[in-house]
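What you see below is based on every heavy atom in this structure, not just the backbone, and it leaves out hydrogens, waters and symmetry mates.
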Amino acid sequence: MRKSTSSLSNVHLSGDLLVGDFLAALTNRMTAETAKIVAEQTEADTLRTVQQATLNPGAAYLNPNEILSTSQDMLVRSSLDAHVKKVQAEQVSAMAADQLSQMQSENQIAYVGKKVQINVLDHSSNPVESYWVNSKTGQETTGIVKKSSINGVIDTVALDKNLLLIKPTLGSRLINPARKYFLVYVINPQTLTPAVKISLL
């Protein structure tokens with residue numbers, strides 16, 4: 001389980017540090033999800049082991065007293081393993097949630113309002129979108145941004161969504177008043193590599 005790069009209270013802020021926290025948040029969530037899946041698989045395996053347990057001759061149905069001693073030892077180990085993995089998954093999930101909450105709060109305080117330049121590193125994942133609102137109809141739309149770089153001001157840091165909400169510069173808003181935000185998906189979840197480079201201006 002990865003933690004935030006560091007507490008941001010006494011750290012020189014940088015785009016690389018912010019990207020690192022996005023990666024740490026995504027890694028933590030994936031670790032928690034993997035632990036949950038392993039716990040569920042182990043529990044299912046234990047249930048199958050119980051269903052296949054060898055009973056004493058003449059036993060009509062399964063109950064603890066009718067399971068042969070050779071099978072009982074295996075069932076005890078399997079059951080203990082399933083319970084341990086379930087508790088581990090719950091602990092990992094709680095740790096990930098706590099770390100995400102702390103990182104989210106620190107980054108929101110540290111970076112909101114900062115001017116940034118976003119340079120696309122992974123064009124294939126289309127990491128930058130425009131968010132538009134039609135002033136007449138109120139209709140909201142999004143569209144892929146094909147440019148290699150954009151400038152703006154950080155409005156929201158959403159580590160849990162792998163999303164950076166960027167408010168366009170004043171000049172950009174004057175040219176395109178319907179474009180309210182850029183949506184920047186920082187990490188490519190398929191490769192766990194940065195999809196963009198963030199530079200503080």
Side-chain angles (χ1 to χ4, degrees), residues 1-35 92-134 140-201:
M1 163 108 17
R2 288 190 56 183
K3 296 185 179 180
S4 169
T5 309
S6 61
S7 176
L8 297 177
S9 56
N10 298 310
V11 173
H12 177 69
L13 301 180
S14 73
D16 289 343
L17 185 65
L18 180 56
V19 169
D21 278 350
F22 270 99
L23 180 58
L26 182 59
T27 302
N28 281 2
R29 291 201 309 275
M30 292 180 69
T31 301
E33 185 61 29
T34 299
V92 169
S93 180
M95 287 173 57
D98 287 346
Q99 290 173 5
L100 179 60
S101 178
Q102 180 182 350
M103 291 165 63
Q104 182 72 40
S105 177
E106 289 178 351
N107 280 282
Q108 189 73 3
I109 292 169
Y111 289 101
V112 167
K114 301 290 186 188
K115 295 180 180 179
V116 292
Q117 181 176 74
I118 306 294
N119 291 291
V120 176
L121 300 176
D122 181 3
H123 290 275
S124 64
S125 66
N126 296 318
V128 182
E129 297 179 355
S130 287
Y131 172 74
W132 305 79
V133 178
N134 187 311
E140 303 173 359
T141 57
T142 59
I144 301 298
V145 175
K146 295 297 185 181
K147 293 195 300 185
S148 293
S149 68
I150 60 165
N151 286 12
V153 176
I154 295 177
D155 181 88
T156 304
V157 179
L159 295 175
D160 58 328
K161 296 179 176 65
N162 187 32
L163 177 66
L164 203 56
L165 204 60
I166 305 292
K167 194 171 186 178
T169 61
L170 177 59
S172 178
R173 294 200 305 273
L174 290 174
I175 296 171
N176 296 301
R179 182 166 56 197
K180 301 303 181 184
Y181 297 103
F182 291 110
L183 311 178
V184 180
Y185 298 95
V186 178
I187 304 297
N188 182 334
Q190 304 301 320
T191 62
L192 292 182
T193 57
V196 298
K197 178 175 176 58
I198 302 171
S199 301
L200 300 184
L201 300 177

Query raised in the report: Are any of the side-chain heavy atoms of Lys180 and Glu140 separated by less than 4.5 Å?
Result: no
Query raised in the report: So, Asn176 side chain and Ala178 main chain: donor-acceptor pair closer than 3.5 Å or not?
Result: no
**Report entry** Note, Val184 side chain near Leu163 side chain (heavy atom, < 4.5 Å)
**Finding:** no
Query raised in the report: Hey, are the side chains of Lys114 and Leu201 touching, using non-hydrogen atoms and a 4.5 Å cut-off?
Result: no
Query raised in the report: Do any N or O atoms from the side chain of Gln108 and from the backbone of Val157 form a donor-acceptor pair under 3.5 angstrom?
Result: yes
Query - Asn126 side, atom CG; Ser124 side, atom OG - distance, nearest 0.5 Å - result: 7.5 Å
Query - Taking every non-hydrogen atom, the tightest pair across Ala158 and Phe22 - result: O-CE2, 3.7 Å
Query - Any Pro127 side-chain heavy atom under 4.5 Å of Val120 side chain - result: yes
Query raised in the report: Do Trp132 and Asn134 have side chains that get closer than 4.5 Å, going by heavy atoms?
Result: no
Query raised in the report: Got a second to check how far Tyr181's OH is from Glu129's CD, nearest 0.5 Å?
Result: 15.5 Å
**Report entry** Side chain to side chain, Leu100 and Asn28, heavy atoms closer than 4.5 Å
**Finding:** no
Query raised in the report: Once you round to the nearest 0.5 Å, how far does CD1 of Ile166 lie from CD of Gln117?
Result: 11.5 Å
Requested in this report: Please round to the nearest 0.5 Å and tell me the distance separating atom CD1 of Ile150 and atom CD1 of Ile118.
Outcome: 5.5 Å
Query raised in the report: So how far is it from Asn107 CG to Leu17 CG, rounded to the nearest 0.5 Å?
Result: 7.0 Å
Query - Worked verdict on Leu183 versus Leu165 for side chain to side chain contact (heavy atoms under 4.5 Å, CB included) - result: CA-CA 5 Å; Leu183 311 178; Leu165 204 60; 2.9 Å; yes
**Report entry** Any donor-acceptor N/O pair, Asp155 side chain to Lys167 backbone, under 3.5 Å
**Finding:** no
Query raised in the report: Are any side-chain N or O atoms of Ser101 and backbone N or O atoms of Ala97, one a donor and one an acceptor, separated by less than 3.5 Å?
Result: no
Report summary line: Heavy-atom closest pair (Ala25 atom, Met103 atom, distance to 0.1 Å) is N-CE, 3.9 Å
Query raised in the report: Can you tell me how far CG of Asp21 sits from CD of Gln102, rounded to the nearest 0.5 angstrom?
Result: 10.0 Å
Query raised in the report: Within a strict 4.5 Å, meaning less than it, do heavy atoms of the Ser149 and Lys197 side chains meet?
Result: no
Query raised in the report: Just by distance, do the side chain of Tyr111 and the backbone of Thr156 share a donor-acceptor pair under 3.5 Å?
Result: no
**Report entry** Close side-chain approach of Leu18 and Val116, heavy atoms under 4.5 Å
**Finding:** no
Query - Whether Gln104 side chain and Leu159 backbone form a donor-acceptor pair below 3.5 Å - result: yes
Report task. Could you pull out the closest heavy-atom pair between Asn162 and Pro189, with the gap in Å? Result -> ND2-CD, 4.5 Å
